Each structure stands twice: as C-alpha cells, then as structure tokens.
Amino acid sequence: MAGKVDVILGAQWGDEGKGKVVDVVAPHYAVIARFQGGPNAGHTLIFDGRKHVLHTIPSGVFRPGVWNLVGNGVVIDPVTFMQEVKELDAAGVDVRPNLLISRRAHLILPTHRALDEASEADKGQAKIGSTLKGIGPTYMDKTGRNGLRVGDLEQPDFRGRYGALVAKHERLFRIHDHHPEWRSQEAEWLAAAEAMRGFRFVDGAQWLNERLAQGDDVMAEGAQGTMLDIDFGTYPFVTSSNTISAGACSGLGVGPARIGKVIGIFKAYCTRVGSGPFPTELHDDTGEAIRKAGNEYGATTGRPRRCGWLDLPALRYAAMINGVTELAMMKADVLSGMPRVRVCTAYRVHGRETTGFPFDLDDAVQPVYTDLPGWGPAVANKPLPDELEAYIAFVEKAVGVPVRIVSLGPDRAETLMREKAAVPR
Ligand code: GDP
Ligand code: IMO
Ligand code: MG
C-alpha cells in the first residue's frame with residue numbers, strides 16, 4: 001500500500017512545540033520533511049539532558065535510520081545551515097548520510113537579510129517584528145521569479161547568477177531610507193554556499209513520491225503557525241509562506257490525496273513574538289508568570305514572547321483551514337498551580353458576539369472568557385488531574401477535534417499519548 005504524508009503544524013502563532021512532537025513521533029516515519037519557512041523557525045528538542053535548537057534541518061535528525069528532507073518550499077541560508085550542521089557535529093550527530101535538500105529550495109543571500117532589515121527600519125512603529133533572517137525578501141524574489149535556488153549552486157555560472165541578483169538588490173536598496181551594511185558577510189556566505197555542495201541535493205518531489213509509492217510514511221514538519229500564514233494569518237503581521245496544511249503539498253510536491261493525519265499543535269495558552277494583534281494577550285502579572293513558567297523567550301531571536309489565554313475562536317479557525325484531524329496540547333504543566341484558567345470562547349466585535357474569525361483582529365475585537373478550575377501538578381506517567389481532563393474535554397468539544405497528544409514538559413519523555421481520545425458529546 002502506498003504511504004501517507006501526515007502533517008504536523010502550528011495552530012497558533014508559532015513556537016507551539018512542533019519540534020518536540022516531531023522528534024517524539026519520528027521513529028514511526030521513514031521521512032521527516034520540512035515544507036516551508038526557513039531560519040526564522042526555531043524548533044527545540046530536549047532529551048537525555050541536552051537541548052538542541054533546529055532552524056532549517058528537520059527535527060528527525062536525532063532518530064537513527066530516518067531520512068530528513070528539506071523541501072522545495074523552504075528558504076535556506078547557507079550560513080545558518082552550515083552553523084546548524086557544525087553544532088550537530090559537535091553533539092555527535094552526523095547529519096550527512098540521512099539529510100537531503102531539494103534543488104528547488106530557494107537561497108537566502110546576505111542582501112536578502114539586509115533588505116529585510118531595511119524594510120523593517122523604514123516601517124518604524126508599523127514594523128512586522130520580523131526575525132530579520134531575510135525570509136520576506138527571499139520569498140519576494142521567488143514569486144518575482146528572480147530567486148536563486150539550491151540547484152543553481154551546481155551550475156558553472158553560479159557566481160554570475162549570484163552577481164546579477166545582488167546587482168538587482170543594490171538597485172532596490174535605493175528605495176529604502178536605511179542601507180544596512182552587508183558586504184562584510186559576503187565571503188562567509190559564499191564559503192558556506194560552497195560547503196553546502198557537499199550535501200546531497202535531490203529532486204525532492206520525485207524522491208518523496210518514490211518513497212511513498214514504496215509504502216513509506218512521511219511526516220511533514222511545519223514551521224511558524226496558522227496565524228502567521230501569508231493568506232490566512234493576521235495579515236500583514238505574518239510570515240511570507242503558507243504555513244498551513246496545503247503548504248505541505250506545494251512545499252514538497254505531493255498531491256492532496258496523499259495527506260493522512262493533520263496534527264494541529266497548540267499550547268494550553270497562547271504566545272506571540274513580534275508585532276500584530278493578539279486578542280487574549282495579558283499585560284499583567286499573570287502574563288509575566290506564564291512567560292516565566294513557560295520560559296517564553298524566542299528560540300531564534302531570544303525575544304520575550306507575548307503571553308495570553310487560550311483563544312478558541314482562533315484555534316477553531318486553524319482547525320478548519322488546515323483540516324486538523326487531531327490536536328496536540330502542549331505546555332499544560334506551565335499553567336499548573338493556577339487557581340483558575342481562562343479560555344476565550346468567542347469575540348465581541350462592536351457589541352456583537354461571534355465565534356467566527358473576523359477579517360481583521362483589530363482593537364474592536366474583544367475576547368469573551370469562560371473561567372475553568374485550574375489543576376495541580378501533571379506528569380506523563382500518572383493519570384491527569386481531573387481539572388486538566390475537564391480542560392482538555394472543553395477544548396475538544398469547542399473545536400470538534402480530539403486531543404491525542406498531551407505534552408507535560410519540554411523533555412521527549414514528558415509526553416502523554418491518548419490514542420483513543422474522541423470528541424466528548
Ligand atoms: P516550535 O517552534 O513549535 O518547535 O517551538 P519552540 O521550540 O520554539 O518553543 C517551544 C518551547 O517550549 C521550547 O522551549 C520547548 O522546549 C518547550 N516545550 C515544548 N513542550 C513543552 C511542554 O509540554 N512543557 C514545557 N514546560 N515546555 C515545553
Ligand atoms: P517557529 O517555526 C514564532 C514571526 C516573527 C514576526 C513574523 C514575521 O519556531 O514556530 P519573518 O522573520 O518570518 O519575516 O517574521 O513571524 N515568526 C515566528 N514566530 N515562531 C516562528 O517559527 C516564527 N517565524 C516567524 O516574529 O512576527
Ligand atoms: Mg520556535
């Protein structure tokens with residue numbers, strides 16, 4: 001029987017814990033494949049007392065015998081990529097034998113990073129809060145049909161193509177008020193690009209479909225989250241790719257009928273890093289307490305993450321857009337010990353209550369809360385506290401999708417599988 005592509009993706013604003021879940025389930029898959037985003041992502045894995053943060057490399061690299069594919073939808077910065085390889089080498093993991101890179105993936109140049117910086121600086125107060133990794137400008141060159149791809153590294157005239165794109169970027173800098181210096185990064189970038197040629201480049205779609213035809217199962221690892229999706233997120237405060245399940249098809253080259261499970265990852269609360277609307281954001285001591293307990297600081301930029309209560313209208317919307325078939329609830333341990341927890345069940349917009357998701361999440365959108373009893377300590381090898389079970393059931397009912405994974409700590413082992421979970425009546 002042909003294999004399936006299951007998808008793991010963020011159902012909120014990113015940093016839900018995708019890396020952890022992918023690492024937990026990776027032994028059940030032949031291939032782990034990233035399908036979009038780039039070094040704006042920071043996926044944290046913790047096991048055996050060690051922490052690893054991955055940006056471009058899929059989260060299956062620590063599992064022996066699992067293939068890891070960087071798909072065509074990903075944008076790659078050779079410098080970050082080689083840095084990741086170096087860190088993994090130092091941790092005793094040689095990624096080379098099991099890592100494949102699609103020739104169609106686009107390359108992030110130093111000028112893309114500089115353009116990202118210039119664009120954000122020009123925007124001033126209205127900035128997106130980009131990670132400044134060059135993501136937006138690289139996807140602009142992709143859709144503008146100017147980009148450089150991994151396969152170009154194998155072409156004899158690569159330096160000429162590189163020079164032509166840089167020349168275009170130099171013309172672009174003229175429209176910006178800010179002109180970040182980038183030349184000093186060029187030599188390092190060219191050396192890293194050269195070093196990347198030592199990796200195995202493939203026609204990712206061809207390779208993946210052959211594996212599927214042989215009956216191998218694939219896990220597509222999303223980056224960012226649904227609320228940061230270019231089409232369905234809180235535009236313009238979004239990233240520049242399709243972070244949703246449909247992105248797995250275009251970012252890997254697989255047909256929709258190949259998609260199996262779609263696992264939506266969410267935290268028991270919400271976080272957001274960067275600018276943009278966040279209806280349930282807490283600006284008080286509770287928000288600070290969640291940030292502290294959850295260690296909510298960006299895995300890529302170190303920025304403090306904004307924290308707030310769980311937003312069910314947004315989660316329901318994410319489940320709809322992605323066709324989520326099961327949910328994974330992360331970081332329930334972070335809320336342990338709170339006497340009560342709040343959940344946003346609807347929005348009030350200009351005095352009218354709605355459970356739908358508005359065009360703009362502007363200041364007119366106010367959360368409507370329900371309070372639920374808090375829970376005590378929760379660990380993976382013991383029955384969950386009744387109050388936590390009730391919280392999970394509340395979410396399952398509101399979203400209409402079962403919670404099949406409950407994560408109770410950052411370590412690989414702190415994970416509870418609820419295979420038989422069903423939506424309560
Ligand atoms: P990703 O981008 O979706 O992979 O998530 P990040 O790695 O950016 O952020 C998730 C953070 O939460 C990381 O620091 C993880 O180690 C941590 N984490 C994941 N699951 C849990 C959990 O269940 N409990 C706690 N306390 N931390 C968790
Ligand atoms: P992972 O995969 C959280 C946010 C940035 C900014 C906006 C646009 O770790 O969940 P970009 O650099 O893409 O132009 O930034 O998106 N952002 C993320 N937030 N997790 C991420 O990835 C993110 N990647 C981008 O903070 O608001
Ligand atoms: Mg992250």
Side-chain angles (χ1 to χ4, degrees), residues 8-24 34-47 50-56 58-59 74-75 77 108 112-113 115-117 119-120 127-140 221-230 233-241 243 265-278 290-306 328-336 378-380 405-416:
I8 276 186
L9 48 80
Q12 296 168 325
W13 277 278
D15 301 329
E16 296 90 349
K18 298 173 291 292
K20 170 178 167 165
V21 178
V22 171
D23 169 61
V24 168
R34 274 280 306 270
F35 58 90
Q36 44 69 233
N40 48 349
H43 295 180
T44 314
L45 290 72
I46 299 181
F47 54 89
R50 289 194 71 160
K51 173 173 154 175
H52 307 272
V53 182
L54 298 168
H55 302 285
T56 317
S59 299
V74 176
V75 288
D77 186 329
I108 303 175
H112 284 129
R113 279 188 247 134
L115 283 167
D116 209 356
E117 203 181 322
S119 161
E120 284 283 81
K127 70 176 183 186
I128 310 290
S130 158
T131 59
L132 304 180
K133 302 292 177 188
I135 305 295
T138 305
Y139 280 116
M140 279 165 72
E221 174 180 0
Q224 290 80 56
T226 304
M227 304 314 252
L228 294 172
D229 180 87
I230 182 72
T234 52
Y235 194 87
F237 300 99
V238 293
T239 191
S240 298
S241 66
T243 62
I265 316 277
F266 72 105
K267 286 176 188 169
Y269 48 95
C270 277
T271 63
R272 173 166 206 165
V273 56
S275 330
F278 181 2
I290 294 175
R291 184 174 307 115
K292 216 166 149 213
N295 190 23
E296 295 296 356
Y297 295 89
T300 295
T301 57
R303 290 178 292 177
R305 295 175 183 148
R306 300 155 64 192
M329 187 169 103
M330 314 300 288
K331 306 191 93 161
D333 56 300
V334 172
L335 301 186
S336 310
V379 286
I405 299 174
V406 179
S407 175
L408 299 163
D411 194 279
R412 191 190 258 176
E414 295 171 298
T415 318
L416 180 79

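Counting starts at 1 for both ligands and their atoms, following the listed order. What's counted below: heavy atoms across the whole structure, side chains too, no hydrogens, waters or symmetry copies. As the structure is a computational prediction, the values presented were derived from the model and not from experiment.
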* Would you say Q224 touches ligand 2, if touching means a heavy atom closer than 4.0 Å? -> yes
* Structure fact -> When distances are taken from atom 13 (O) of ligand 2, the protein heavy atom at minimum range is T239 OG1, 2.6 Å
* N/O separation below 3.5 Å, K267 to ligand 1 -> no
* To do: Heavy-atom contacts with V334 under 4.0 Å: which atoms of ligand 1 show up? List them by number with element.
  => 26 (N)
* Structure fact -> Nearest heavy atom to atom 16 (O) of ligand 1, choosing from A268, S59, G225, P410, belongs to P410
* To do: Among D77, T300, T239, T131, find the one that has a side chain to side chain donor-acceptor pair (under 3.5 Å) with N40.
  => T239
* To do: Please state whether G409 comes within less than 4.0 angstrom of ligand 1, counting heavy atoms only.
  => yes
* Closest non-hydrogen atom pair, Y269 against Q12 -> O-NE2, 3.0 Å
* Output yes when the distance from some N or O of ligand 2 to some N or O of T131 is under 3.5 Å, and no in every other case. => yes
* Asked: By number and element, which atoms of ligand 1 are closer than 4.0 Å to a non-hydrogen atom of K20?
  -> 20 (N)
* Identify, for atom 23 (O) of ligand 1, the protein heavy atom at the shortest distance, and state residue, atom and that distance. => S407 OG, 2.5 Å
* From CE (M329) to NZ (K267), nearest 0.5 Å -> 13.0 Å
* To do: Provide the number and element of each atom of ligand 2 under 4.0 Å from a heavy atom of K18.
  => 1 (P), 2 (O), 10 (O)
* Asked: For E120 and S130, does a side-chain donor sit closer than 3.5 Å to a side-chain acceptor?
  -> no
* Any chance the side chains of Q224 and T243 put a donor and an acceptor closer than 3.5 Å? -> no
* To do: Number the atoms of ligand 2 from 1 as they appear, then name those within less than 4.0 Å of a heavy atom of R303, with their elements.
  => 5 (C), 26 (O)
* To do: Could you tell me whether ligand 1 has any atom less than 4.0 Å away from a heavy atom of Q224?
  => no
* Asked: Is there a heavy atom of G42 sitting under 4.0 angstrom from any atom of ligand 1?
  -> yes
* Rounded to the nearest 0.5 Å, how far does CD1 of I8 lie from NZ of K18? -> 10.5 Å
* Calculate, to the nearest 0.5 Å, the distance between atoms CG and CZ belonging to L132 and R113 respectively. => 11.0 Å
* Asked: Got an N/O contact under 3.5 Å between G19 and ligand 1?
  -> yes
* Shortest non-hydrogen contact from K20 toward S407 -> NZ-OG, 3.0 Å
* Rounded to 10°, how big is the angle at the Mg ion (ligand 3) from D15 OD1 to G42 O? -> 160°
* To do: Distance to 0.1 Å, residue and atom name: give those for the protein heavy atom nearest to atom 12 (O) of ligand 1.
  => K331 NZ, 2.9 Å
* Quick one: nearest non-hydrogen protein atom to atom 20 (N) of ligand 2, plus distance? -> D15 OD1, 3.1 Å
* Asked: Are any of the N/O atoms in A293 less than 3.5 Å from those in ligand 1?
  -> no
* To do: Decide whether an N or O pair under 3.5 Å exists between N40 and ligand 2.
  => yes
* Asked: Under the criterion side chain to side chain donor-acceptor pair (under 3.5 Å), which of R291, R272, K331 is the partner of E296?
  -> K331
* Which of the ligand 1 atoms, numbered from 1, are nearer than 4.0 Å to a heavy atom of H43 -> 1 (P), 2 (O), 4 (O), 7 (O)
* Just distances here: any N/O of V273 and N/O of ligand 2 closer than 3.5 Å? -> yes
* Where ligand 1 meets I46 - atom numbers and elements under 4.0 angstrom, heavy-atom basis -> 16 (O)
* Flag for K133-T138: side-chain donor and acceptor within less than 3.5 Å -> no
* To do: Before signing off on this row, confirm whether D116 and ligand 2 have an N or O atom pair separated by under 3.5 Å.
  => no
* Identify, for atom 18 (C) of ligand 2, the protein heavy atom at the shortest distance, and state residue, atom and that distance. => L228 CD1, 3.6 Å
* To do: Give, for atom OG1 of T415 and atom CG of L408, the distance between the pair rounded to the nearest 0.5 Å.
  => 8.0 Å
* Return the residue, atom name and 0.1 Å-rounded distance of the protein heavy atom closest to atom 7 (O) of ligand 1. => T44 OG1, 2.6 Å
* Structure fact -> Of all protein heavy atoms, the one nearest atom 10 (C) of ligand 1 is D15 O, 3.6 Å
* Structure fact -> for atom 5 (C) of ligand 2, nearest protein heavy atom and its distance come out as G129 O, 3.5 Å
* State whether the shortest distance between N or O atoms of K133 and N or O atoms of ligand 2 falls below 3.5 angstrom. => no
* **ligand 2 to A41 polar contact by distance, N or O atoms, under 3.5 Å** => no
* Asked: Just which atoms of ligand 2 are under 4.0 Å from any heavy atom in A223?
  -> 2 (O)
* To do: Answer with yes or no whether D333 contacts ligand 1, where contact means a heavy atom under 4.0 Å from a ligand atom.
  => yes
* To do: Below 4.0 angstrom from a heavy atom of M330, which ligand 1 atoms are there? Numbered from 1 as shown, please.
  => 20 (N)
* To do: Starting at CG of D229, measure out to OG1 of T234 and round the result to the nearest 0.5 Å.
  => 10.0 Å
* Structure fact -> protein heavy-atom neighbour closest to atom 14 (O) of ligand 2 works out as S130 OG, 3.3 Å
* Does any N or O in the side chain of S59 come within less than 3.5 Å of the main-chain N or O of D23, such that one atom is a donor and the other an acceptor? -> no
* Nearest neighbour of atom 9 (O) of ligand 1 from the list E16, R305, E414, on a heavy-atom basis -> R305
* Atom OG1 of T271 and atom CG of D15: how far apart are they, to the nearest 0.5 Å? -> 5.5 Å
* To do: Mark yes when over 12 heavy atoms from residues, nucleotides or ligands other than Y297 sit less than 6.0 Å from its OH; otherwise mark no.
  => yes
* contact_flag G42 ligand 2 heavy-atom lt 4.0 Å -> yes
* To do: Could you check atom 8 (C) of ligand 2 against the protein and tell me its nearest heavy-atom contact, residue, atom and distance included?
  => V238 O, 3.4 Å
* W13 neighbourhood, listing ligand 2 atoms whose heavy-atom distance to it stays under 4.0 Å -> 3 (C), 19 (N)
